[in-house]
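We name chains A, B, ... by the order of the sequence lines, and we start the count at 1 in each one.
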Number of protein chains: 2
Amino acid sequence: MKGLTELLKGALEGIVLQRISQGETYGYEITNYLIDLGFEDIVEGTVYTVLLRLEKKGLLSVERRKSEMGPPRKFYSLNEAGQRYLSDFWQKWGFLTATMAKLKEQQND
Amino acid sequence: MKGLTELLKGALEGIVLQRISQGETYGYEITNYLIDLGFEDIVEGTVYTVLLRLEKKGLLSVERRKSEMGPPRKFYSLNEAGQRYLSDFWQKWGFLTATMAKLKEQQND
DNA sequence: CAAACTATATAGTATTACAAGGTAGGTGAG
DNA sequence: CTCACCTACCTTGTAATACTATATAGTTTG
């Protein structure tokens with residue numbers, strides 16, 4: 001789906017963290033995975049900036065390893081802070097979606 | 001709930017449009033309504049900038065009328081373009097929440 | 001009249017996703 | 001070999017947008 005850019009703001013960090021929490025992975029794979037999921041517009045540059053931001057926030061463990069294919073990869077995994085952050089993210093997301101649903105169902109008062 | 005700021009980005013326009021679609025209303029009322037709904041952090045300035053943005057995009061009809069209470073109000077209602085925009089917003093929102101749900105349920109592949 | 005509430009508005013800032021482009025390793029076709 | 005293509009990471013600049021802080025002003029109430 002296209003034109004999600006603005007809606008993605010703020011959600012992208014959680015999305016990337018969630019993907020990493022499912023198993024050690026790296027930027028290029030994350031990008032392709034998200035595109036396959038349906039976020040067609042996501043480009044590599046965006047994912048890399050998110051990854052660097054998450055790393056700076058101290059939420060990720062990083063390890064550079066050779067690849068069987070192409071240049072070396074930077075493998076990411078969640079550390080404890082990252083897991084807390086992710087859990088916090090899903091809580092906020094749940095609240096947001098619930099509130100949005102309330103809003104939508106509301107009839108004219 | 002607090003700390004939703006970044007998640008709200010992009011959603012706020014839809015939220016405000018949806019509120020207006022439920023019946024003619026004005027900035028101050030919208031702000032208080034959203035705070036009551038649960039978006040505690042939303043401040044007046046934010047709502048007004050969203051309203052002016054939506055107006056500039058040609059999605060709203062505006063009418064300034066005297067208030068029974070306090071200074072005059074700017075009453076907003078959705079025009080046709082606004083209704084299309086809102087419907088489009090909910091479609092994107094639906095896609096986003098569905099995709100997020102898929103992502104969350106995904107087990108390690 | 002002063003405080004509190006109602007109501008709108010704006011200038012400045014921080015965050016963040018994208019656009020565009022660069023760097024580089026590996027592989028296969030010609 | 002070299003050119004194209006895929007894999008992989010990174011950076012600079014820009015646009016969008018929500019908040020902070022503040023200003024302005026009408027109305028009500030003590």
| query | Any Lys/Arg nitrogen of A/Glu29 or A/Arg73 sitting under 4.0 Å from an Asp/Glu carboxylate oxygen of the other? | reply |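 Judged by the 4.0 Å cut-off on N to carboxylate O distance, A/Glu29 and A/Arg73 do not form a salt bridge.
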
Could you check whether A/Asp88 pairs with A/Lys92 (Lys NZ or Arg NE/NH1/NH2 to Asp/Glu carboxylate O, under 4.0 Å)?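 Result for this pair is yes, salt bridge flagged.
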
Output the rounded distance in Å from [atom1] ([X]) to [atom2] ([N]).
| X | N | atom1 | atom2 | result |
| --- | --- | --- | --- | --- |
| B/Ile42 | D/dC19 | CD1 | P | 6 Å |
| B/Leu8 | D/dA16 | CG | P | 19 Å |
| A/Glu44 | D/dT11 | CD | C1' | 13 Å |
| B/Ile30 | C/dT6 | CD1 | C1' | 15 Å |
| B/Tyr33 | C/dA7 | OH | P | 18 Å |
| A/Arg64 | C/dG25 | CZ | P | 11 Å |
| A/Glu68 | C/dG25 | CD | P | 18 Å |
| B/Phe75 | C/dT6 | CZ | C1' | 12 Å |

* Considering heavy-atom distances to DNA chain D, does A/Tyr76 or B/Ala11 have its closest nucleotide positioned more toward the 5' end? ->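 Comparing both residues, the 5'-ward one is A/Tyr76.
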
*Would you indicate what A/Leu51 reaches in the nucleic acid, counting non-hydrogen atoms under 4.0 angstrom: base, sugar-phosphate, or nothing?*
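No contact.
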
Q. For B/Thr49, which contact category applies under a 4.0 Å heavy-atom criterion: base, sugar-phosphate, or nothing?
A.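 Result for B/Thr49 = base.
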
Would you indicate which nucleotide in [options] comes nearest to any side-chain atom of [X]?
| X | options | result |
| --- | --- | --- |
| A/Met69 | C/dA17, D/dA8, C/dA7 | D/dA8 |
| B/Thr5 | D/dA18, D/dC9, D/dA16 | D/dA18 |
| A/Lys9 | D/dC9, D/dT20, C/dA17 | C/dA17 |
| A/Leu12 | D/dC10, C/dC18, D/dT17 | C/dC18 |
| B/Glu13 | D/dC10, D/dT17, C/dG25 | D/dT17 |
| A/Asp41 | C/dC18, D/dA25, D/dA18 | C/dC18 |
| A/Arg73 | D/dT20, C/dA9, D/dC9 | D/dC9 |

Does a side-chain N or O of [X] approach OP1 or OP2 of [N] to a distance below 4.0 Å, or not?
| X | N | answer |
| --- | --- | --- |
| A/Tyr48 | D/dC9 | yes |
| A/Lys74 | D/dC10 | yes |
| B/Arg53 | D/dA18 | yes |
| A/Tyr28 | D/dC9 | no |

Would you say B/Tyr76 and B/Glu63 are linked by a side-chain donor-acceptor pair, where the criterion is simply a distance under 3.5 Å?
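Absent: no donor and acceptor within the cut-off.
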
- Task: May I ask you to check whether A/Gln106 and B/Tyr33 show a side-chain donor-acceptor distance below 3.5 Å?
- Result: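 There is such a pair (donor and acceptor under 3.5 Å, judged by atom type) between the side chains of A/Gln106 and B/Tyr33.
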
- Using the ring of each side chain (for Trp, its six-membered ring), is A/Phe39 parallel, tilted or perpendicular to B/Phe95, with breaks at 30° and 60°?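 Taking B/Phe95 first and then A/Phe39, their aromatic rings stand perpendicular (interplane angle over 60°).
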
Does NZ or CZ of A/Arg64 fall inside the cone over A/Phe75's six-membered ring, less than 6.0 Å from its centre and within 45° of the axis?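 Relative to the ring axis of A/Phe75, which defines the angle, A/Arg64 lies outside at least one limit.
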
* To do: Map B/Glu6 and B/Gly45 onto DNA chain C by nearest heavy atom, then report which one ends up closer to the 5' terminus.
  =>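 In this pair, the answer is B/Gly45.
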
query: Which comes earlier along DNA chain C counting from the 5' end, the contact point of A/Val50 or that of A/Pro71, where each point is its nearest nucleotide?
result: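 The 5'-side residue here is A/Val50.
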
